[in-house]
Q: 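Quick one: the structure is below, questions incoming.
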Amino acid sequence: METVVLKVDPLNPDPDVIGRAAEVLRAGRLVAFPTETVYGLGANALDAEAVARIFDAKGRPATNPLIVHVSDVSEVLNVASVWPECAEKLSARFWPGPLTLVVPKRAELPEVVTAGGATVAVRCPAHAVARALIRASGIPLAAPSANRSSELSPTRAEHVLSGLNGRIDMILSGGPCSGGIESTVVDVTGKVPRVLRFGLITVPMLEEVCGKVEVGATAGVARSPGQLTKHYSPRTRIVLADSVVQVYIELLRLKREGKTSGVMVFSPLLGVDTPNWFRLMPTDAEAFAACLYQTLHECDCAGLDAVIVQLPPDTPEWSAIRDRLVRAAA
Ligand code: TXA
Ligand code: MG
């Protein structure tokens, strides 16, 4: 199929463009669109055949459930059967925004969306294009990140096109995503909320609203299946370094092996031969997140054997970035 790319103003989306994309979605077809985290690949969440097309286009395992996007909290009961008190509090504080809440699923929601599970992940995105699109189509949108399964998430329309050209119907091209990494996923079906995926909404931010939260999947409770596999990976091999000294050591080791290498570090390297590729990364976690995937996409284009990445500190505001880097290096 031909993938149609339509330009759209990220702040003031043209209703005609949004209308065309909404029509495609209502016809059971796929549209990639920008959100404040990464680009999503949307389909009508209430149409099992349309949702199956997402799994096909991405090569996504059927065991990995999707996030359903709504334009307002008043729409959650179209896909969820219960809206727990904790979901109410968290959505009141962080929606629209980069927070996904896992709640009991409504029976009418097709099983393909939730990979046969009894819960559904719901998010209300903040991006004007995403919101306008959900409203105009009048349906909840199932949307994973718009990349081939296990590859890097797209933060620009070009990334979507390079991964999914010819496999999806339309891309709304609305510029770079400001957040840069995927939403925080929190399971609120139990007594204590459980963070299943780190994101820009940090653990301290959640705890300020709903008290103590637990972190990570444990046996017997809901998990994020997507978190169990190799994920968020660029093609270039990633080598993690805990310190600048470690960066130097890895750089020399790769050179001795005759490998080309890049580095992503927090301060300029002094007194060594320049690496083949170099990026100075922001020391602010939000700014780092905003450019992380774009930088890794650029790194892939450079065709290096490996890239050495200096790890940020092990503090709550960096958890999501450390998580993505560790997975990318796995
Ligand atoms: O920021 C985001 O969340 C982006 C944008 C497009 O909204 N979406 C995104 O979707 O990252 P995806 O499919 O790439 O990641 C969804 C994650 C996966 O790890 C999946 O396993 C988990 O959410 N998930 C979905 N439904 C779940 C459920 N019912 N229970 C537990 N985890 C779930
Ligand atoms: Mg993804």
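Hydrogens, waters and symmetry mates are skipped; everything else that's a heavy atom, side chains included, is used. Keep in mind the model is a prediction, meaning the values are calculated, not measured. One-based numbering, in listed order, for ligands and for the atoms of each.
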Q: Please answer whether the main-chain N or O of A57 pairs with a side-chain N or O of R167 as donor and acceptor at a distance below 3.5 Å.
A: yes
Q: What I want to know is whether T100 and ligand 1 share at least one N or O pair that is separated by under 3.5 angstrom.
A: no
Q: Taking heavy atoms and a distance under 4.0 Å, where does L66 meet ligand 1: side chain, backbone, both or neither?
A: backbone
Q: What atoms of ligand 1 come closer than 4.0 angstrom to any heavy atom of S183?
A: 1 (O), 2 (C), 3 (O)
Q: Determine, stepwise, if the pair F288 / F266 fulfils ring pair (Phe, Tyr, Trp, His ring centres under 6.0 Å).
A: CA-CA 10 Å; F288 189 110; F266 294 107; 5.8 Å; yes
Q: Kindly confirm or rule out an N or O of R197 lying under 3.5 angstrom from an N or O of ligand 1.
A: yes
Q: Side chain, backbone, both or neither: which part of R60 has a heavy atom under 4.0 Å from ligand 1?
A: side chain
Q: Which value, rounded to the nearest 0.5 Å, describes the distance between L252 atom CG and S261 atom OG?
A: 9.5 Å
Q: In terms of side-chain geometry, is the basic nitrogen of D323 or R327 positioned less than 4.0 Å from the acidic oxygen of its partner?
A: yes
Q: Do any N/O/S atoms of S145 come under 2.8 Å of the Mg ion (ligand 2)?
A: yes
Q: State whether D305 and K259 are salt-bridged, where the test is any N-O pair (Lys NZ or Arg NE/NH1/NH2 against Asp/Glu carboxylate O) under 4.0 Å.
A: no
Q: Show the atoms of ligand 1 that are less than 4.0 angstrom away from any heavy atom in G40.
A: 6 (C)
Q: Taking only Lys NZ, Arg NE, NH1 and NH2, and the carboxylate oxygens of Asp or Glu, determine whether R197 and E182 approach each other closer than 4.0 Å.
A: no
Q: Considering only heavy atoms, which of P65, P144, A146 lies nearest to atom 25 (C) of ligand 1?
A: P65
Q: Any ion pair linking E151 and R235 (charged N to carboxylate O, less than 4.0 Å)?
A: no
Q: Are any of the heavy atoms in K105 under 4.0 Å away from ligand 1?
A: no
Q: So does G180 get a backbone contact from the side chain of T155, meaning a donor-acceptor N/O pair under 3.5 Å?
A: no
Q: Give a yes or no on this: more than 12 heavy atoms of other residues, nucleotides or ligands lie within 6.0 Å of atom CD of E257.
A: yes
Q: Is T114 in contact with ligand 1, taking contact as a heavy-atom separation below 4.0 Å?
A: no
Q: Just distances here: any N/O of T119 and N/O of ligand 1 closer than 3.5 Å?
A: yes
Q: For ligand 1, which atoms have a heavy atom of I67 less than 4.0 angstrom away?
A: 3 (O), 8 (N), 9 (C), 10 (O), 16 (C)
Q: With a heavy-atom distance limit of 4.0 Å, tell me whether N64 approaches ligand 1 through its side chain, its backbone, both, or neither.
A: side chain
Q: What I want to find out is whether R93 reaches E88 closely enough, with some N-O distance under 4.0 Å, to be called a salt bridge.
A: no
Q: Using a 3.5 Å cut-off on N or O atoms only, is E182 in polar contact with ligand 1?
A: no
Q: Check each of A121, S149, G199, S145 against atom 26 (N) of ligand 1 and report the one with the nearest heavy atom.
A: A121
